[in-house]
Amino acid sequence: MGYAGHGQMGRWATRLAAVFAPPYMARFYLARLTDNPYVDPEAVIHHDKLDLGVHSFISDRVIAYKAAGGGSITIGKGAHVLRDCVLETGQGGNIRIGDDTFLHPRCQVMAYVGDVEIGDHVATAPNCAFYAYNHGSAPGELMKRQPLESRGGIRIGNGAWLGYGVIVLDGVTVGDGAVIGAGSVVTRDVPENAIAVGNPARVVAMRGGANE
């Protein structure tokens, strides 16, 4: 692991380190052996602006993809991106994932036009999706040919927790320490320490027991 990284030689070093390692989460320890990140040999890296923090962990079948005009992907110290997650930038969008944040399997982070910033110590359950853009819907043109547009980037505050299958749309800020219930669709800002559920998500309580 002393030679590991997401370049060609670093990927071969990681492959050798993983030969006798157990699968999936049992490989977390490999990211802590040195300051180098762990990028699983089965991860697909098609991105020339990927910056990985020390002890970060990129699991098998993760895809990091840069489309035309895509910005950077920055993954913080000790962050974990697990199996089948997709991180994608295009048309000026950037992704930042903070320190000690976990993206559980099959999450999608799509930063086109707007940025997606997921703070420190955030926990996302599987199948969460972050879309910093939308398609235009002007009449007289096929939907697939509509230009992308955005109400603004997405920001997930430090220490937030998103349940299974949460969708966060463009222009939304989820405050520090907020909790979003499983299956919610977040279309507007959620305050710090709020508990929000539903489609569209609405605040139903505050952490500490106060109801809305």
Side-chain angles (χ1 to χ4, degrees), residues 1-15 17-18 21 24-67 69-112 114-132 153-162 166 168 173-174 176:
M1 285 301 297
Y3 298 97
H6 59 84
Q8 184 175 2
M9 293 301 296
R11 298 296 296 278
W12 275 108
T14 305
R15 187 176 295 275
Y24 193 41
M25 293 186 185
R27 293 186 176 184
F28 284 176
Y29 79 94
L30 292 174
R32 297 189 290 269
L33 292 178
T34 71
D35 285 345
N36 292 334
Y38 175 85
V39 181
D40 193 273
E42 301 303 320
V44 177
I45 308 298
H46 184 79
H47 207 294
D48 62 358
K49 295 181 179 179
L50 176 63
D51 183 18
L52 300 175
V54 299
H55 307 308
S56 57
F57 182 93
I58 307 299
S59 188
D60 55 317
R61 305 202 306 256
V62 168
I63 297 175
Y65 181 77
K66 180 185 172 188
S72 62
I73 297 176
T74 303
I75 297 177
K77 177 181 178 181
H80 291 65
V81 181
L82 299 187
R83 175 177 291 177
D84 294 321
C85 287
V86 178
L87 311 179
E88 189 170 331
T89 63
Q91 297 189 25
N94 301 279
I95 294 171
R96 179 192 172 273
I97 298 172
D99 296 345
D100 189 38
T101 282
F102 275 69
L103 295 184
H104 279 86
R106 299 179 302 281
C107 289
Q108 296 186 13
V109 185
M110 300 295 181
Y112 282 71
D115 296 342
V116 178
E117 179 181 353
I118 302 174
D120 300 337
H121 314 294
V122 173
T124 72
N127 287 344
C128 289
F130 306 84
Y131 281 83
I154 292 170
R155 181 185 179 276
I156 309 299
N158 297 332
W161 176 31
L162 281 67
V166 168
V168 184
T173 294
V174 174
D176 293 353

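Only this structure's heavy atoms are used, side chains among them; waters, hydrogens and symmetry mates stay out. All values derive from a computational prediction rather than experimental measurement.
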(message) Tell me the closest heavy-atom pair linking A79 and G98, and the distance in Å.
(response) CB-O, 3.5 Å

(request) Please name the pair of heavy atoms, one in A43 and one in S59, separated by the smallest distance, quoted to 0.1 Å. (result) CB-O, 3.6 Å

(message) By the side chain to side chain donor-acceptor pair (under 3.5 Å) test, which pairs, at least two apart or in different chains, include something from residues 103-112?
(response) E88-Y112, R106-N127, Q108-Y131

(message) Quick check for you: to the nearest 0.5 Å, what is the distance between H47 atom NE2 and Y65 atom OH?
(response) 10.0 Å

(request) Kindly indicate whether the side chain of E117, heavy atoms from C-beta on, has any atom under 4.5 Å from the side chain of I154. (result) no

(message) What I'd like to find out is whether the side chain of D40 reaches to under 4.5 Å of the side chain of F57, using heavy atoms alone.
(response) no

(request) Please examine the side chains of V62 and L103, heavy atoms only from C-beta on, and report whether any two atoms are closer than 4.5 Å. (result) no

(request) Rounded to the nearest 0.5 Å, what's the gap from CD1 on I118 to CD1 on I95? Could you check? (result) 7.5 Å

(message) What I'd like to find out is whether the side chain of T124 reaches to under 4.5 Å of the side chain of I156, using heavy atoms alone.
(response) no

(message) Show the nearest heavy-atom pair for residues A132 and V116, with the distance to one decimal.
(response) CB-CG2, 3.8 Å

(request) For the residue pair I63 and H46, establish whether any side-chain heavy-atom pair is separated by less than 4.5 Å. (result) no

(request) For residues R96 and D115, determine if any side-chain heavy atom of one lies less than 4.5 Å from a side-chain heavy atom of the other. (result) no

(request) Please report the closest heavy-atom contact between G53 and P37, naming both atoms and the distance. (result) O-CB, 3.9 Å

(request) Give, for atom CD1 of I73 and atom CD1 of I97, the distance between the pair rounded to the nearest 0.5 Å. (result) 7.5 Å

(request) Measure across C107 and A125 and return the closest heavy-atom pair with its distance rounded to 0.1 Å. (result) SG-O, 3.3 Å

(message) Using 0.5 Å steps for rounding, measure from the CG atom of N94 to the OG atom of S72.
(response) 4.0 Å

(message) When you compare the side chains of H121 and N158, does any donor N or O come within less than 3.5 Å of an acceptor on the partner?
(response) no

(request) Enter the distance from T101:OG1 to D120:CG here, rounded to the nearest 0.5 Å. (result) 6.0 Å

(message) I'd like to know if the side chain of D99 reaches the main chain of K77, judged simply by a donor and an acceptor atom lying under 3.5 Å from each other, with no hydrogens or angles considered.
(response) yes

(message) If the condition is salt bridge (charged side-chain N to carboxylate O under 4.0 Å, His left out), which residues does D176 pass it with, not counting sequence neighbours?
(response) R155

(request) Please round to the nearest 0.5 Å and tell me the distance separating atom CG of L87 and atom OG1 of T74. (result) 11.0 Å

